[in-house]
Amino acid sequence: MSDIKVEGFKASEILAALAQVFEGYSDEERKAQIKKTNGIFEMRVKNAEGKEGVWTIDLKKTGTVYKGEPQQKANVTIILSDDTLQQLAEGKLDGQKAFMSGKLKTKGNMMFATKLDGVLKAAKTKAKL
C-alpha cells in the first residue's frame, strides 16, 4: 500500500504505518478494532505548501487505510494540518485540545472523531509511528 505515501506530507508516512499495522493484525484483532471503532474517518490534511491530501481510515468494514475519499459515507471528516496529525500520532497533542484550539476541525459526527485518538494509540503500541 505504498500509494498511501505522498511526497511533501508527513501525514502520509503516519497513515502508511497505520495501514501496515492494520495489515499485520490477525483476523480477530482486525474484527475487534472494527467492532470497537465501527466507522469511517475521512482525513483532509493540509501540508506546509497549502496542498490538501485526502485519506480514509475504514474501520467499519475492511479495517484498512487508503488514499482518497471514502468509498462509503464517512462518519466524520477531520480537517487538520500535517503538523497537527503528526503531533496527535506522537501523543504530543490531545485531539480535544487540538479541536478546542482550532487546529482540528470536524464535519459530521464530532463524538466519533474522539475515537481517532484510540485508533492512533492502538497502532502506536503495535508499531512505532
Side-chain angles (χ1 to χ4, degrees):
M1 296 195 99
S2 58
D3 59 332
I4 293 172
K5 290 187 185 180
V6 178
E7 191 76 30
F9 282 92
K10 290 178 252 176
S12 68
E13 298 284 330
I14 294 161
L15 293 164
L18 188 62
Q20 281 186 315
V21 169
F22 288 174
E23 284 171 23
Y25 277 168
S26 68
D27 282 348
E28 289 98 55
E29 287 174 313
R30 183 175 284 116
K31 284 177 187 160
Q33 189 69 47
I34 288 171
K35 186 177 180 185
K36 186 172 144 190
T37 310
N38 190 30
I40 298 171
F41 299 93
E42 178 182 351
M43 309 293 293
R44 294 193 164 269
V45 183
K46 269 207 163 83
N47 70 5
E49 289 91 55
K51 291 183 183 149
E52 186 180 69
V54 180
W55 289 268
T56 299
I57 302 171
D58 181 341
L59 284 168
K60 190 169 198 148
K61 288 205 163 133
T62 59
T64 56
V65 179
Y66 55 88
K67 182 161 178 12
E69 301 203 353
Q71 291 151 3
Q72 289 183 268
K73 187 177 183 324
N75 293 68
V76 68
T77 299
I78 299 176
I79 304 150
L80 70 173
S81 73
D82 213 9
D83 288 336
T84 301
L85 182 58
Q86 186 174 22
Q87 290 172 349
L88 285 171
E90 291 171 353
K92 292 180 181 172
L93 181 65
D94 174 64
Q96 289 176 321
K97 284 183 186 152
F99 179 78
M100 297 303 236
S101 63
K103 290 181 176 181
L104 181 154
K105 293 181 175 68
T106 63
K107 285 183 188 167
N109 185 341
M110 188 189 311
M111 289 312 294
F112 183 74
T114 61
K115 291 186 177 188
L116 182 63
D117 267 350
V119 171
L120 292 173
K121 282 186 179 98
K124 193 174 183 177
T125 58
K126 273 286 219 185
K128 272 304 202 196
L129 286 180

query = Under a single-linkage definition using a 4.5 Å side-chain heavy-atom cutoff for Ile, Leu, Val, Met, Phe, Trp and Tyr, are I79 and L93 assigned to the same hydrophobic cluster?
reply = no

query = Ion pair present between D83 and K10, side-chain N to carboxylate O less than 4.0 angstrom?
reply = yes

task = Please round to the nearest 0.5 Å and tell me the distance separating atom NZ of K51 and atom CD of E7.
result = 9.5 Å

remark   = So CD of Q86 and CD of E13: to nearest 0.5 Å the spacing works out to 9.5 Å

message = Check this for me: K46, atom NZ, are more than 12 non-hydrogen atoms of other residues, nucleotides or ligands nearer than 6.0 Å?
response = no

inquiry  = I'd like to know whether L18 forms a side chain to side chain contact (heavy atoms under 4.5 Å, CB included) with I57, so could you lay out the CA-CA distance, the side-chain angles of the two residues, the decisive distance to 0.1 Å, and finally the verdict.
reply    = CA-CA 9 Å; L18 188 62; I57 302 171; 3.7 Å; yes

ask   = Is there a donor-acceptor contact under 3.5 Å from the side chain of E29 to the main chain of S26?
value = yes

query = Quick check: are there more than 12 heavy atoms from other residues, nucleotides or ligands sitting under 6.0 Å from CD of Q72?
reply = yes

key: Main-chain N/O of S12 paired to W55 side chain as donor or acceptor, under 3.5 Å   = no

request  = Of all the heavy-atom pairs spanning D82 and G8, show the shortest one and how long it is.
outcome  = OD2-O, 3.7 Å

query = Would a 4.5 Å heavy-atom cut-off, applied to side chains only, mark F41 and K115 as touching?
reply = yes

message = Test side chain to side chain contact (heavy atoms under 4.5 Å, CB included) on Q33 and L59; report intermediate values, then the result.
response = CA-CA 7 Å; Q33 189 69 47; L59 284 168; 3.8 Å; yes

ask   = Less than 4.5 Å apart, any side-chain heavy atom of D58 and any of F22?
value = no

inquiry  = I need the minimum non-hydrogen distance between I4 and A19, along with the two atoms involved.
reply    = CD1-CB, 3.5 Å

request  = Answer yes when E28 and R30 have at least one side-chain N-carboxylate O distance shorter than 4.0 Å, and no when they do not.
outcome  = no

ask   = Taking the side chain from N38 and the backbone from K60, do they hold a donor-acceptor pair closer than 3.5 Å?
value = no

message = Working to the nearest 0.5 angstrom, can you tell me the gap between I14 CD1 and Q87 CD?
response = 10.0 Å

inquiry  = Could you report the tightest heavy-atom contact between L85 and A11, atom names first, then the distance?
reply    = CD2-CB, 3.3 Å

ask   = Do you know the tightest heavy-atom contact between P70 and I40?
value = CB-CG2, 3.9 Å

Side chain to side chain, M43 and V54, heavy atoms closer than 4.5 Å = no

N/O donor-acceptor pair under 3.5 Å between N47 side chain and F9 backbone = no

Side chain T84, main chain L80, donor-acceptor under 3.5 Å = no

Distance-only donor-acceptor hits, side chain of residues 103-110, under 3.5 Å, sequence neighbours excluded:
residue	atom	partner	partner atom	Å
N109	OD1	M111	N	3.0
N109	OD1	F112	N	3.0

key: Rounded distance (nearest 0.5 Å) linking atom CG of L116 with atom CD1 of I78   = 4.5 Å

query = Side chain of T56, backbone of G68: donor and acceptor closer than 3.5 Å?
reply = yes

